[in-house]
Amino acid sequence: MGTLERLQKSIAEYLRSLSDLRFADVYAQLLDFEEAGKAEGMKIRVLLPMPLKASKYAIGPTFSDVEITIEITRDTYIAMNQPSILTASEIVSRALHRWSPPIESGFSTLVLAENKPWQKIDSNNIHIIFKTQSVLQ
């Protein structure tokens, strides 16, 4: 498993462990099977981490800056008793902003993107953008 997959997996595992998100199904895109779920209408997906910058000093391909997108989806008809999509987005933002993944992931503390940390995709989907850097720069 590569460093980007380890980062993605560690984020998903951390979000699954939070009691504030017990109402949501949390998945890592392309790593987790997404069919079965809690059927409570809230889904949180850790999308594929995307390199923004490669380190020119590393021997092999090492990405010095990486962007992580978390997708929050809320089915209004199923999730009637669940928190709003805004509240769920705030919970995820609080949980991951300044969170440090395990050192074996190879990346440092996550921070919310400075510009446009949230993007409204439609009324049922919000993307939250985080940035991190490689510890191997």
Same apolar cluster (I L V M F W Y, side chains within < 4.5 Å links), Ile72/Leu47:
no
Do Arg16 and Leu21 touch side chain to side chain, with heavy atoms closer than 4.5 Å?
no
Using a 4.5 Å cut-off on heavy atoms from C-beta on, say whether the side chain of Leu96 contacts that of Leu15.
yes
Under the side-chain hydrogen bond (donor to acceptor under 3.5 Å, both in side chains) test, which residues partner Ser17, sequence neighbours left out?
none
With rounding to the nearest 0.5 Å, note down the distance linking CZ in Arg45 to CG in Asn125.
9.5 Å
Matching residue for Arg98 among Leu112, Leu110, Thr109 - test: side chain to side chain contact (heavy atoms under 4.5 Å, CB included)
Thr109
Do Thr69 and Ile128 have side-chain heavy atoms sitting under 4.5 Å apart?
no
Quick check against the 3.5 Å criterion: does Arg74 have a side-chain atom that pairs as donor or acceptor with the backbone of Pro83?
yes
Heavy-atom distance under 4.5 Å between the side chains of Gln8 and Arg6, does that happen here?
no
Could you list all the ring pair (Phe, Tyr, Trp, His ring centres under 6.0 Å) pairs where at least one residue sits in residues 85-118, not counting sequence neighbours?
Tyr14-Trp99
Establish whether Val111 and Leu4 are linked, either directly or via other cluster members, by ILVMFWY side-chain heavy-atom contacts under 4.5 Å.
no
Does the side chain of Pro117 come within less than 4.5 Å of Ile129's, by heavy atoms?
no
So salt bridge (charged side-chain N to carboxylate O under 4.0 Å, His left out) across residues 116-135, not counting sequence neighbours, yields Glu67-Lys131
Would you check if Ile121 and Ile126 make a side-chain contact, meaning some heavy-atom pair closer than 4.5 Å?
no
Does Leu48 offer a backbone N or O that forms a donor-acceptor pair with the side chain of Gln29 under 3.5 Å?
yes
What distance separates Leu7 CG from Ile68 CD1, expressed to the nearest 0.5 Å?
4.5 Å
Closest approach of Val66 to Pro49 (non-hydrogen atoms, all atoms of both residues)
CG1-CB, 3.8 Å
Under the 3.5 angstrom rule, does the side chain of Ser108 hit a backbone N or O of Gln133 as a donor-acceptor pair?
yes
Side chains of Ile70 and Phe130: does their closest heavy-atom pair fall under 4.5 Å?
yes
Let me confirm one number: the CG-CD1 distance from Asn124 to Ile85, rounded to the nearest 0.5 Å.
6.0 Å
Within the structure provided, determine whether Ile44 and Asp25 are in side-chain contact (heavy-atom separation under 4.5 Å).
no
OG (Ser10) and CD (Glu5) are apart, to the nearest 0.5 Å, by 12.0 Å
